[in-house]
Amino acid sequence: MKRIVVFTGAGVSAESGLGTFRDSDGLWEKYRIEDVCTHEAWLRNPQLCVDFYNARRRDTLAAKPNAAHYAIAKLQQSVPGTRIITQNIDDLHERAGATDVIHLHGEITKLRSENNETATVPLEGWEQHYGDRHPDGSLLRPYIVFFGEGVPYFSEACEVASQADMMIVVGTSLNVYPAASLLHYAPAGIPIYVVDPGEPELGMWRDKVTHIKKPASVGVPELVEQLLG
Ligand code: APR
């Protein structure tokens with residue numbers, strides 16, 4: 001069975017209206033990472049972190065999957081060995097019909113225990129109220145992997161990547177590690193497609209991949225059509 005790995009970043013959700021991080025109008029142009037996306041920020045000003053992720057959760061709930069999300073879900077339904085690994089915290093892959101998605105950096109629709117990085121609870125609606133507690137008694141916090149924190153599902157993602165027959169990378173600048181190192185876990189010589197209108201940090205991969213310089217909503221459906229024949 002063909003094992004296709006689809007690895008996505010913020011660019012796959014850009015055309016759904018959700019901001020990327022490092023494009024000219026990206027989120028990190030408007031907010032400082034050290035204010036809202038580090039453990040120190042959470043300890044120093046938890047309400048600011050809660051407010052930041054409440055705003056992003058509200059945007060996520062208002063957003064809709066785009067043609068790229070639907071094409072990726074169609075690929076997974078047509079080729080059952082397809083796995084999706086995303087850096088995104090939105091649920092647009094799932095809302096387009098994808099299953100068993102590995103979220104490396106957390107999920108905006110869940111909260112987690114302060115004591116246990118994988119002890120999550122679903123959050124109904126967009127608003128977390130700071131001070132609510134997890135059943136384990138600790139304070140609830142956004143289920144987001146903050147900068148400097150461990151990436152709990154990275155080893156599972158590496159295992160999946162190491163068994164790929166093909167990799168499709170969509171909408172990531174490949175700036176953030178360890179996520180960006182996933183390409184290194186793919187078996188040598190497998191076909192790797194990159195769908196991105198910009199210039200991700202491909203480094204040594206530049207000459208080894210097929211770079212489709214189109215927006216995800218155009219390039220991904222075209223690629224999936226080509227692959228499914
Ligand atoms: N279609 C495809 N790709 C796009 C589109 C689009 N319509 N618009 C932008 N892009 C590309 C950009 O060219 C860029 O390569 O998406 C990528 C976005 O890069 P980043 O903003 O760095 O997002 P990402 O790579 O997902 O960031 C990784 O950084 O801040 C952390 O945890 C956060 O998961 C995030 C991680």
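All values below come from the heavy atoms of this structure, side chains included, with hydrogens, waters and symmetry mates left out. Counting from 1, the numbers follow the sequence of the chain as shown.
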Would a hydrophobic clustering, with Ile, Leu, Val, Met, Phe, Trp and Tyr connected at side-chain separations under 4.5 Å, put I144 with V101?
no
Drop me the distance from T82's OG1 to I72's CD1, to the nearest 0.5 angstrom.
10.5 Å
Testing M167, H211, M166 one by one against Y193 for a side chain to side chain contact (heavy atoms under 4.5 Å, CB included), which residue passes?
M166
Look only at the side chain of R3 and the backbone of A164, and say whether a donor-acceptor pair between them is shorter than 3.5 Å.
no
Main-chain N/O of T120 paired to R112 side chain as donor or acceptor, under 3.5 Å:
no
Determine whether a donor-acceptor pair (N or O, by modelled atom type, separation under 3.5 Å) exists between the side chain of N66 and the backbone of V12.
yes
Strictly distance-based, threshold 3.5 Å: is any side-chain N or O of E201 a donor or acceptor partner for the main-chain N or O of N175?
no
Whether H103 side chain and H105 backbone form a donor-acceptor pair below 3.5 Å:
no
Is the side chain of D91 donor-acceptor paired with the backbone N or O of E94 at a distance under 3.5 Å, no angle test?
no
With distance as the sole criterion, is a donor-acceptor pair present between the side chains of S13 and H69 under 3.5 Å?
yes
Hey, does the side chain of H184 reach the backbone of S181 with a donor-acceptor pair shorter than 3.5 angstrom?
no
Can you tell me if N88 uses its side chain to pair, donor with acceptor, with the backbone of G9 under 3.5 Å?
yes
Ring centre gap for W126 and Y53 strictly below 6.0 Å:
no
Once you round to the nearest 0.5 Å, how far does CZ of R141 lie from CD of E117?
9.0 Å
Transitive ILVMFWY side-chain link I190 to V194, under 4.5 Å:
yes
Is the count of non-hydrogen atoms from other residues, nucleotides or ligands lying under 6.0 Å from Y31 atom OH greater than 12?
no
